[in-house]
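These notes concern the structure reproduced below.
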Amino acid sequence: MIEYQNVTKYYKSNVGLEDVNVKINKGEFVFLVGPSGAGKSTFIKLLLKELEADSGTIRFGDWDVGSLSNREVPQLRRGIGIVFQDFRLLPKKTVYENVAFAMEIVHCTRRTIRRQVPQVLSLVGIEEKADKYPDELSAGEQQRVAIARAIVNNPVVLIADEPTGNLDPETAWGIMRLLEHINNRGTMVVMVTHAKDIVDRMNKRVIAIENGRIIRDNIGSYGYNNDLGKMDGEGALGKYED
Amino acid sequence: MSLASVFSITAMLLILGVFFAFIVNINVAMEAAKQDYDTVQIYLLDETELSASSEMLEILNAMPEVLEAKYIPKEEALNSWKAQWGDSGYLLESLADNPLPNAIEIDVRNLEGADIVVAQARTFAGVEDILYYKETVEKLIVITSSVQIATLIMMLFLVMVSIVVVSNTIKLTVQARGREIEIMKYVGATNWFIRGPFLLEGMFIGLISSGLACGIVALLYHKVVELIGAELLVIIGIPMVPVQFLSLNLAVIFVALGVSIGASGSIISMRRYLDT
């Protein structure tokens, strides 16, 4: 369960979030929409404790995110899986190693890794590509690897930041079906997106943020005109700079 | 990248090693000098009777300030002088007479006591001259400690410089692996887990550099001892510190210093990455 209570975050010259109240329950599938700079990225960074809120409380399960010490932040993040628009796979590791890497970091035993990685790869549908390197895969396949890495440690919530932004519509739908499947297995999914057609067709809960405020929170449609929503093609957490 | 770090730490340790060799030798020389000058020498007139000098010895040896007073006949003094000059001792053969006086050499318990001993010696008859080096020794002590402090400051400065250099070079490695670090953070790796490999790398760089530097300094020092050690012994009468002793100490100091410079350099270079 994720709960924001009166959360406010200002930057030096502009608003990040202003008095945000929202509650997302265990197992929900939620779209986070809004124009660039609306506060979607702030919303996620606060949950990850990459940023500190100026006021208000953020709860994630039993954690009070704001009061966590730096030492506890890794524990918090182990409950959160993240997928980015640009995949962020390690180019010198194979598909298998990219996923195993996430398990090594949380000190899983080798036996657990050997058992779990193939299971997750088969869940996302790329078990036969385990020995390939990321640049040998299509964009859609790379995103599946990234999703496998994000869910291999069984997070409570999967955050997908524009996961379909770099994909053609058909591949994007494949990814959406995968996310829905993961959601059906009990993982909460929060997806940041500008893809109006996807949001409209999925018919899930949509939280729209603008100027740091939640302006709409309902089941169903994207709610923006397409041109407003498509102001950029970047994920909320930005593009990775090499 | 790491090669640059190895070179810069090695260079820094080399300079440090030269200072170290210098300071160790100065210290040894000073200690030797202090011992040499911790004595009061009474030069006796040639006509002074042996019985008179025995009386003096008795009085002196009874004083609490005196460790030991002994009579040194002029022949013995010349012989020990020859021995000290070693191979060049033949130069003294050409002397027609022994120009040295008979003497009483007094080891004093401490420098402060020397004044009292000298006052006593002034009362004796048949004394040509009294030599003692309290002021010289005091000056030596002041000079030694200022040289030591100056060297220490320079060493500290060098250490700081090399920490900065190492942290900058490791920063490049860290940046090159920024993607990996970022993913590790998002997946929930602890800071120490992320830091570990870089810390090891830094310590390894330090270890290699200290080995290199120690070898070079030992080699250089060996050459220096070979070249001027013997001459120095004749000129100031004090042997240089042996290579084995110096390099063993140097190895311990260099490894400790190199490894901690490497480690702190890598920790500093990662600080920014591990803030959030």
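Residue numbers start from 1 in every chain, and the chains themselves are labelled A, B, ... in the order their sequence lines are given, proteins ahead of strands. Please read these numbers as outputs of a predicted model, since none were measured by experiment.
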Practice problem: Could you tell me which residues satisfy ring pair (Phe, Tyr, Trp, His ring centres under 6.0 Å) with A:Tyr4, sequence neighbours excluded, listed by chain and number? | Solution: A:Phe43

Quiz prompt | More than 12 heavy atoms from other groups under 6.0 Å of NZ on A:Lys132 | solution = no

Exercise. Take atom CZ of B:Phe7 as the centre, draw a 6.0 Å sphere, and report whether it contains more than 12 heavy atoms from other residues, nucleotides or ligands.
Key: no

Quiz item: Going by residue number, which parts of residues 94-119 of chain A are within reach of chain B, meaning a heavy-atom gap below 4.5 Å?
Solution: A:Phe101, A:Ala102, A:Glu104, A:Ile105, A:Val106, A:His107

Quiz item: With sequence neighbours left out, which residue pairs that include part of residues 146-157 of chain B fulfil the side-chain hydrogen bond (donor to acceptor under 3.5 Å, both in side chains) condition?
Solution: B:Asn27-B:Gln148

Self-check item: More than 12 heavy atoms of other groups within 6.0 Å of A:Asp135 CG
Solution: yes

Exercise. Might you point out which heavy atoms bring A:Pro74 and B:Gly188 nearest each other, and give the distance in Å?
Key: CB-O, 3.4 Å

Quiz item: What distance do A:Ile82 atom CD1 and B:Lys185 atom NZ have between them, rounded to the nearest 0.5 Å?
Solution: 11.0 Å

Quiz prompt | Check: A:Arg71 and B:Trp192 side chains under 4.5 Å, non-hydrogen atoms | solution = no

Self-check item: Separation of B:Arg177 CZ from A:Lys92 NZ (nearest 0.5 Å)
Solution: 9.5 Å

Quiz prompt | B:Phe204, CZ atom: more than 12 neighbouring heavy atoms under 6.0 Å | solution = no

Quiz item: Which atom names give the shortest non-hydrogen contact between B:Val187 and A:Arg78, and what distance separates them?
Solution: O-CG, 3.6 Å

Quiz item: Measuring heavy-atom distances to chain B, does A:Leu89 have an atom under 4.5 Å in its side chain, in its backbone, in both, or in neither?
Solution: backbone

Exercise. Could you pull out the closest heavy-atom pair between A:Arg149 and B:Ile183, with the gap in Å?
Key: NH1-CD1, 3.4 Å

Exercise. Not counting sequence neighbours, which residues clear ring pair (Phe, Tyr, Trp, His ring centres under 6.0 Å) with A:Phe31? List them please.
Key: A:Phe29

Quiz item: Where does A:Pro155 contact chain B at under 4.5 Å (heavy atoms): side chain, backbone, both or neither?
Solution: neither

